[in-house]
*Asks:* 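So that we are looking at the same thing, I have put the structure below in structure tokens.
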Amino acid sequence: MAVTNVHKVYASGFLFNVSFLAFAVLVPLTALHDHLPLWLVGVLAAVPGALQLPTRILSGPLVDHLGERLVLWVTYGLAVLAGLVVVSGSSYPMASLVLGQLCIGSARGLFWTAAQSEVGREASGRARALGLFTSYTKGGALVGTALAGTLAEFLGLNGGFVFTVILAVLALVIGSTLTKSAVVDRPGTLGQAVARLIPAGRQPFVMVYGMVAFLCAIPQALAQSFYPVTLVRLGVSDSVASLITALMSCGMIIAGVFGARALARLGMRRLLAVAMVLVAGSLLLTADPEVVVDAVAIFLAGFGAGWLNVGFLTAVSGRSHDYDRATNLAVTQMYFVIAVIGTPLLSGGLFHVIGQNGSFAVESGLAFVVVAMVMGLWRWQARADDRSVSEYRPA
């Protein structure tokens, strides 16, 4: 079987996700080791969003103009730089953590649009290809999350960050072998590509699936911030907290493997409805201060997020052309990044004021509000589709 760009994206994406998820978990563990207050842990976890949001938005025009290959090269290079910054800046730990988080935030902002756009080119079996992409990347997330605490215990925190650098270098090596994809009607200039952002954001399907992406992001943001913090505060070790947090990625892997089959059986709206309720309900379940209950909740949150991921990526990719797919994906995932930024900030404030139980209960309530909004807006989207059949292709 010939090794295609999609296979290379699977492999490099797996390594990149091991690297950046290990990095993400090592940051709050380092903050706890340095006895920083919980609100500052939340701020550190949200720092990547300072560059992740603008780079995620601009990643669409960049990919549509420059191509997926070049953007992925920059992505993996930034991941290498993030780890090097933290390791070399041990004399100034807070500054190096912030700078490293900014680098990894930029890398994360660029990666998803470029990788998803490349995989989304598979017109036949798109849902299966994107489901496998979810499984490979979340497999990397599972390994990275599960290993982070063990690396910190056996190699030290700096040793853990060195590990993230090595894997990012391997991802860059694989990424360097990607072939350039030919695209008809690619924007001639970056300005022309950027000009498509606002029209893309006004499309009803982008708005609706953007809110789905928002819900999809919540468990992933918690896995990189307050899932491990919650478990450590319940008395488990760093390594056990990492392993339990990795259940979120395990749930996403399983959901990704069966995502295309579930989509064919349930249809898009039923699949997303089940997954959205599962994510919102899991947050309420996490309010229980029992490690076993929290572990089950984390797995269910990951499974729901996995189906949401397959669903919104398939829908947006299927409704786009090769020359605007990346821009539509980037605008949709602007909502994702807002959740990545807002979730740890909200959690940090709520933990400080009302504790773990109240924090997750409030977040569950807010998630159910978003679920109701998405279900209500589906009718609006359907009416828009009926008016503009030629503009949108069915997912």
*Asks:* Between side-chain atoms of residues 72-86 and protein atoms elsewhere (two or more places apart, or another chain), which donor-acceptor pairs fall under 3.5 Å?
*Replies:*
residue: Trp73; atom: NE1; partner: Gly175; partner atom: O; Å: 2.6
residue: Thr75; atom: OG1; partner: Val71; partner atom: O; Å: 2.9
residue: Tyr76; atom: OH; partner: Ser12; partner atom: OG; Å: 2.8

*Asks:* Tell me every residue that passes side-chain hydrogen bond (donor to acceptor under 3.5 Å, both in side chains) with Ser237, counting only those two or more places apart in sequence or in another chain.
*Replies:* Ser239
*Asks:* How would you list, by chain and number, every residue that makes a ring-ring contact (aromatic ring centres under 6.0 Å, His included) with Tyr136, sequence neighbours excluded?
*Replies:* Tyr10
*Asks:* Just jot down the side chain to side chain contact (heavy atoms under 4.5 Å, CB included) partners of Leu102, sequence neighbours excluded, or say none.
*Replies:* Val47, Ala50, Leu51, Val98
*Asks:* So, using ring-ring contact (aromatic ring centres under 6.0 Å, His included) as the criterion, who are the partners of Phe111 when residues are at least two apart?
*Replies:* Phe16
*Asks:* Please enumerate all residues that pass side-chain hydrogen bond (donor to acceptor under 3.5 Å, both in side chains) together with Ser249, with sequence neighbours excluded.
*Replies:* none
*Asks:* Tell me which pairs pass side-chain hydrogen bond (donor to acceptor under 3.5 Å, both in side chains) where either residue lies in residues 333-351, with sequence neighbours left out.
*Replies:* Arg56-Gln333, Gln116-Gln333, Ser347-Glu363
*Asks:* Measure the spacing between CE of Met276 and CE of Met373 and express it to the nearest 0.5 Å.
*Replies:* 11.5 Å
*Asks:* The criterion is side-chain hydrogen bond (donor to acceptor under 3.5 Å, both in side chains); which residues satisfy it with Thr113, sequence neighbours excluded?
*Replies:*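 If we apply the side-chain hydrogen bond (donor to acceptor under 3.5 Å, both in side chains) test to Thr113, skipping adjacent residues, the hits are Ser59.
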*Asks:* Please report, to 0.1 Å, the donor-acceptor pairs under 3.5 Å made by any side chain of residues 289-312, with sequence neighbours excluded.
*Replies:*
residue: Asp294; atom: OD2; partner: Gln356; partner atom: NE2; Å: 3.4
residue: Trp307; atom: NE1; partner: Ala255; partner atom: O; Å: 3.4
residue: Asn309; atom: ND2; partner: Thr134; partner atom: OG1; Å: 2.8

*Asks:* Going by the ring pair (Phe, Tyr, Trp, His ring centres under 6.0 Å) test, which pairs reach into residues 221-265, not counting sequence neighbours?
*Replies:* Phe226-Phe351
*Asks:* Of the options Thr230, Leu231, Leu243, which is the one that meets Val236 in a side-chain contact (heavy atoms from CB on, under 4.5 Å)?
*Replies:* Leu231
*Asks:* Report the residues that fulfil side-chain hydrogen bond (donor to acceptor under 3.5 Å, both in side chains) with Thr327, sequence neighbours left out, ordered by chain and then residue number.
*Replies:* Asp64
*Asks:* Quick one: hydrophobic cluster around Ile354, which other residues, with the 4.5 Å side-chain cut-off, linked directly or via members?
*Replies:* Leu346, Leu350, Val353, Val362, Leu366
*Asks:* Please determine which of Thr137, Val9, Leu170, Val143 meets the side-chain contact (heavy atoms from CB on, under 4.5 Å) test together with Phe14.
*Replies:* Val143
